[in-house]
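Residue numbers start from 1 in every chain, and the chains themselves are labelled A, B, ... in the order their sequence lines are given, proteins ahead of strands. Owing to the predicted nature of the structure, the values given are computational and were not obtained by experimental measurement. Computed from heavy atoms alone, side chains included, the values below leave out hydrogens, waters and symmetry copies.
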Amino acid sequence: MNRVLTLAAYNVRILLSERTWFILAWALFGLQIAVYGSLMSKLVSTTVPNYLFFYGVGLMVITVFDSGADVGRHFVEHAHEGELPYFLSLPVSRGGFLAAQAIYGVANTMIKVLPPLIGVLWFVGDLTIQGAVFALISMFLLGLGITGIMVSMSFIAFKSVDIYSAFLAGLSALIVRFSTVFYPLIFMPSFYSPISVFSPLTYGADLTRWVLGFDPNFLLNPILAAAVVTGVAVGTLSLSARIVDKVIEGVKAA
Amino acid sequence: MFAVETLNLSKRYGKTDALRGLNFTVNEGEIMVILGPNGSGKTTLLMILCTILKPSSGTAKVVGIDVVEEGTKVREVMGIAFQEARGFWRHKPSSILKFHASMFDIDPAKRQDLIERTMKDLELWESRDKMFMHLSGGQAKRLETAKVLIQQPKLAIFDEPTSQVDLRGKRKIWDKIRELRDQGSTVIVATNEVREAEYLADRVTILHQGQRVVCDTIPKLKDAIAGGDIVEVDFEDPVSGKLVKDLNGLGGDVSLSSEGNQLRAKVSRAEDWVPKMTSASYVAGAKIASIRITEPSLDDVFLHFTGKALAGQP
Ligand SMILES: Nc1ncnc2c1ncn2[C@@H]1O[C@H](COP(=O)(O)OP(=O)(O)OP(=O)(O)O)[C@@H](O)[C@H]1O
Ligand SMILES: [Mg+2]
């Protein structure tokens, strides 16, 4: 356990040395909310009251998604810069190794998402500790699920990094567009609302909105959402534990 | 119990058979050198022992622990210095070693001291403030070796520890590896350099195309080649035909040739043959001016057992 933490701390330290990225991410978030968010909110104010809030949560969920994808990329980079064999030779179980990656992913996500979350809640005038904590938990679970998916996909990178990048770009476009991050499910045309059911972001976004007290009429059933988000986290993490073991075979012995 | 034992170990990468039914053992407390040319499967074997790769078939055990069944336990007792120094681009050598020491529970009170001493021993101290990615090839290899030296594992594995390292550095590394053995570690060194093998090995395993060709101490390997030692004897007078005949009569596996005052003999064991030769010469009244014994090198041994020269040798 101690070693898993040491390993995670190593990753997090590298993360913290990249401060500029965080500041950039926060600034971008602010810009999106201030320009696009508030304009859209005015446009749709008659159909969705408080769209700015809806959009703000959606943007946070996308941030969670991006930082989950970061962990996948980080993992693939490890493999290609040759650090992976070193990490795999350390006295940590494969599960522990993954846990360290996940802790890194969570730290990455929290740093990116916490200031925007507080900002949005404060701006909307709805900032309570309770709300913030539950929203974080919900996004944390979603983040674990995304990390799990990304690490599970990393085996593709051992065939070709190009295919992996292309695949990820395609996957993110689909997962983001066909989810409820930007628009409520009830407004989706019937020909693609069924697809949104397959995007984990749908459940993560609606669950987070629900815990923050958004009008439930615009959202999925929160129990279903919570169940799916938890299920995806557990399922993909155990899948990636299996895959890590297999994937390594692809690493060049040199 | 063996420190390492593999049974019928095989590894396939797609269509390449990197290891083919390898049976290999290492005794506790010895330095085992695996000598083999490029592509003979050395790294593959070591990667299986340190649980990074999985065997396609067969088994491998480290201090009695199966590498597939109980990988984490195996990793606790061993350390490996990779053939290619590994990663940590933006870190300094001392923090890389600190991280390694903390992963292997090296006493925090002694850590700093140990790291400093090892870095000085391997002449890395001057580069302590450089980032890993700015180290030279040889410096990075020294750092890779330093990790395992600091760790002092039960089983220490070095994959070509001195490739890219200058001659002075090679000596230092070799001496440190021997010191590690003297302090109780079992050591495996993979190399394709005969000199490294000669300097380090308690025993040598020759690996060729994923199979063990032979395994023994260096003197025994050399003795196993018929006509193993070469003895050159200078006499004060020209060598007579009678003397050659007398010496041929001594028996053993000998082939003689003479030219002027000099006699050349290929014998399997110079230690046995030279005393007999000197007394026979004395009896025959031939005065010896000097004797030179040259051993065959491991190159010759390799050539003898595989029919091929080691990589990089003519
Ligand atoms: N990931 C891989 N995929 C396919 N083939 C591989 C892979 N790794 C190694 N090989 C092949 O397996 C064989 C053994 O390779 P290995 O690296 O074990 O040799 P080695 O004895 O360490 O060589 P060297 O002295 O060059 O380090 C080689 O033919 C090599 O091409
Ligand atoms: Mg090798």
Minimum heavy-atom distance A:V92-B:M103, with the two atoms named: CG2-CE, 3.4 Å
Can you confirm whether A:Y86 sits close enough to B:H100 that some side-chain heavy atom of one is under 4.5 Å from a side-chain heavy atom of the other? yes
Using a cut-off of 6.0 Å, state whether more than 12 heavy atoms not belonging to A:F134 lie near its atom CZ. no
Distance, nearest 0.5 Å, that separates NZ of B:K98 from OG1 of A:T6: 14.0 Å
For A:I23, does the CD1 atom sit with more than 12 other heavy atoms under 6.0 Å from it, leaving out its own atoms? yes
If you draw a 6.0 Å radius around NZ in B:K73, do more than 12 non-hydrogen atoms from other residues or ligands fall strictly inside? no
Distance, nearest 0.5 Å, that separates OG of A:S89 from CD1 of B:I157: 10.0 Å
With a 6.0 Å cut-off (strictly less than), is the heavy-atom count around NZ of B:K92, excluding the residue itself, greater than 12? no
Kindly assign one of parallel, tilted or perpendicular to the pair B:F99 and A:Y10, based on the angle between their ring planes and the thresholds 30° and 60°. tilted
Test item: B:T51 and A:R94 side chains (from C-beta on) under 4.5 Å apart, heavy atoms: yes
Taken in chain and number order and not counting sequence neighbours, the residues that satisfy side chain to side chain donor-acceptor pair (under 3.5 Å) with B:Q164 are none
A:N2 side, atom CG; B:D105 side, atom CG - distance, nearest 0.5 Å: 7.0 Å
Over all atoms of both residues, closest heavy-atom pair of B:F82 and A:P85: CZ-O, 3.7 Å
Check whether more than 12 heavy atoms from other residues, nucleotides or ligands sit under 6.0 Å from atom NZ of A:K112, and answer yes or no. yes
Do any of residues 15-24 of chain B come closer than 4.5 Å to chain A, heavy atom to heavy atom, and if so which ones, in number order? none
Taking every heavy atom of B:E76 against every heavy atom of A:R3, the minimum-distance pair comes out as OE2-NH1, 3.3 Å
Tell me if a side-chain donor or acceptor on B:R75 pairs with a main-chain N or O of A:L90 at a distance below 3.5 Å. yes
CG of A:L5 to OG of B:S102: how many Å apart, nearest 0.5 Å? 11.5 Å
What part of B:K147 gets closer than 4.5 Å to chain A, counting heavy atoms only: side chain, backbone, both or neither? side chain
